Amino acid sequence: MKEVKINVNGKDIIAKEGEMLAAALLRAGYKRFRKSVGGEDRSLFCGMGICFECLVRVDGRTVRSCITPVREGMEVQFEES
Amino acid sequence: MKRADVERKEVEILIVGGGIAGISAAYVFMKNHKDFLLVDEYPFIGGQYLRRNPEYQPKDTETRRTGFRLESSLEGGENIWTETPVVGCYKEGEIAVLRKGKPYIIKPHKILIATGAREKFLPFPGWTLPDVMSAGAVQALIKTSGYLPAKDVILAGTGPFLLAVAYEFEKAGGRVKEVAELNPIGKLIGFSSAIFDWEKGTEGIKYIAKLWRKLSYGWRIVEARENGGRIKVTFEKKGKRREEETELLAIGHGFAPNIEFAQLCGCPVAYKHELGGWVVKTDDELKCTDRIYAAGEVTGIGGARKALIEGKLAALTILGVNEKERESLMKTRRKEVKFAEKLNTFFSPSDKLWLSIPDETIICRCEDVKMRDIRKATEEGFVFTGEIKGATRVTMGNCQGRICFPIITEFLRSLRGEPPEAMSIRPPIKPVDLGVFTEFEENQRASKALE
């Protein structure tokens with residue numbers, strides 16, 4: 001797979017084009033994707049678009065990172081930040 | 001009134017879901033030069049079973065080979081819409097979808113629902129920790145993204161799917177520390193010899209040959225804790241406890257059909273424990289209502305081979321052709337369903353386990369509702385799903401009950417001997433930006449006003 005650059009919370013990381021964003025984030029060492037209602041750290045859980053635990057913001061829209069393919073130049077922000 | 005920016009499209013047949021059942025049907029329509037549209041919310045077709053990755057395509061079974069063949073003959077077609085979740089169904093049978101964020105209203109003459117299934121879980125304290133994920137997520141990361149999420153893993157739960165994921169984890173270069181099957185081994189051996197199936201049996205033997213030293217039986221997870229960047233798992237069996245440490249804990253306790261869209265379309269559903277829980281009801285030819293048909297996991301958990309057969313059968317029923325072939329498909333389908341019923345019944349947590357989920361366990365991950373709250377609501381006399389929802393906020397988060405409702409269903413069924421009634425479903429069935437949803441609503445009103 002071709003390598004592409006994406007931006008996570010202001011920092012550039014290398015990802016593989018077409019892989020799921022959640023995989024790119026985990027590979028880059030980001031494990032805690034969001035805080036739950038009760039303040040717990042949450043991460044990827046179901047991996048197939050069902051549980052909504054892996055929500056992040058991409059170019060201003062909230063997406064499920066486990067079913068969102070990586071695209072060159074995408075701007076990613078974690079929900080809590 | 002300003003007409004909202006929603007494109008409308010008429011089509012003869014709409015297929016919702018591009019997994020094995022969906023592409024099996026689409027292939028029949030394509031061969032018969034029928035006007036159809038297939039929508040799937042994933043960026044690829046092939047569903048959970050194929051999980052598109054050009055670098056990872058094992059063609060070890062006949063079912064998988066057929067799946068890849070169907071997929072490659074369909075993908076890229078202009079009537080295959082990926083990244084297109086369905087969000088609503090209006091009274092007139094008009095379906096609201098978002099194609100890569102752009103709203104469309106599809107007006108189909110017939111609909112085939114092939115929305116597949118999701119994993120089911122028997123929760124325990126700590127199942128919400130990062131580094132605890134579903135077995136399906138581990139498989140998805142490996143297959144779709146070529147990413148191995150940890151160096152070592154413990155897989156726990158029930159069912160042959162855990163073995164498949166363990167096998168793939170090792171093939172991808174990881175180390176499986178243990179595969180902990182809830183059900184006792186004696187029961188398992190009797191079961192396997194009673195219902196041996198050639199294709200599934202050989203697949204199982206391949207997994208067991210690689211993993212047999214790592215298999216354990218009858219242990220359940222008491223809790224998982226974070227410990228210096230790793231996960232500490234406490235197992236229990238007949239009062240005995242042991243602790244294991246792992247980088248990643250992967251869990252799975254079977255599957256539940258994705259019935260929400262079918263419910264929204266007014267299809268009848270029923271609870272069938274032996275088929276994974278709530279399923280869409282169809283006749284023998286997979287017809288649900290006048291214009292709606294269903295195929296694959298959504299009619300009952302049975303795996304890819306059942307989905308392949310049902311997709312084809314539903315498509316031929318819709319076309320009203322090949323009566324002989326339909327009859328033979330119905331016959332093989334009945335065999336598949338029988339096999340599935342035995343498998344689902346066997347690989348299922350016992351009622352006792354559903355009843356003994358500890359109070360402090362989070363059940364609804366979206367709203368952080370704990371088992372204590374649900375017990376309390378049932379003890380206070382709340383009976384109906386809607387009442388328990390009102391009292392506890394379960395099923396009210398982003399996932400709309402897709403993870404917690406199967407848990408609550410199994411808990412209440414174990415408690416009372418019968419399942420609660422199904423959840424009521426309202427659009428949007430996937431969370432969408434409010435602006436987009438308003439556009440759909442306005443467009444519906446405007447087009448009705450014009451008629």
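As the structure is a computational prediction, the values presented were derived from the model and not from experiment. Chain naming here is simple, since letters A, B, ... match the order of the sequence lines and numbering starts at 1 in each.
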Between Arg71(A) and Asp59(A), is there a side-chain N and carboxylate O pair less than 4.0 Å apart? no
Sort by residue number and list every residue of residues 247-254 of chain B having at least one heavy atom under 4.5 Å from chain A. Ile251(B)
Would you call Arg99(B)-Glu41(B) a salt bridge at under 4.0 Å N-O? no
Which answer fits Cys404(B), side chain, backbone, both or neither, if we ask what part of it has an atom under 4.5 Å from a heavy atom of chain A? neither
Are any of the side-chain nitrogens in Glu360(B) or Lys370(B) under 4.0 Å away from the carboxylate oxygens of its partner? no
Phe52(A) ring center near Phe45(A) ring center (under 6.0 Å): no
So, Arg393(B) side chain and Met396(B) main chain: donor-acceptor pair closer than 3.5 Å or not? no
Between Gly47(A), Cys46(A), Gly38(A), which has the largest tally of heavy atom pairs under 4.5 Å with chain B? Cys46(A)
Report the residues that fulfil side-chain contact (heavy atoms from CB on, under 4.5 Å) with Asp368(B), sequence neighbours left out, ordered by chain and then residue number. Ser36(A), Val37(A), Arg42(A), Ile362(B)
Specify which of Ala24(A), Gly49(A), Ala23(A) makes the most heavy-atom pairs with chain B at under 4.5 Å. Ala23(A)
Short N-O contact, Glu19(A) and Arg27(A), less than 4.0 angstrom: yes
Is a side-chain donor-acceptor pair under 3.5 Å present for Glu260(B) with Gln400(B)? no
Part of Cys51(A) within contact of chain B (heavy atom distance under 4.5 Å): both
In residues 1-8 of chain A, what donor-acceptor pairs under 3.5 Å come from side-chain atoms, sequence neighbours left out?
{"residue": "Asn7(A)", "atom": "OD1", "partner": "Gly10(A)", "partner atom": "N", "Å": "2.9"}
{"residue": "Asn7(A)", "atom": "ND2", "partner": "Asp12(A)", "partner atom": "OD1", "Å": "3.0"}

Measure across Ala156(B) and Leu162(B) and return the closest heavy-atom pair with its distance rounded to 0.1 Å. C-CD1, 3.7 Å
Looking at Lys102(B), I'd like to know if its NZ atom is crowded, meaning that more than 12 non-hydrogen atoms belonging to other residues, nucleotides or ligands lie closer than 6.0 Å. yes
Part of residues 116-134 of chain B lying next to chain A, heavy-atom separation under 4.5 Å: Arg118(B), Glu119(B), Phe121(B), Trp127(B), Thr128(B), Pro130(B), Asp131(B), Val132(B), Met133(B), Ser134(B)
Heavy-atom contact with chain A under 4.5 Å, split by part of Ala137(B): both
Identify the heavy atoms of Ile67(A) and Met48(A) that sit nearest to each other, and give their distance. CG2-C, 4.0 Å
Examine whether an atom of Glu83(B) lies under 4.5 Å from a heavy atom of chain A, and if so say whether it belongs to the side chain, the backbone or both; otherwise answer neither. side chain
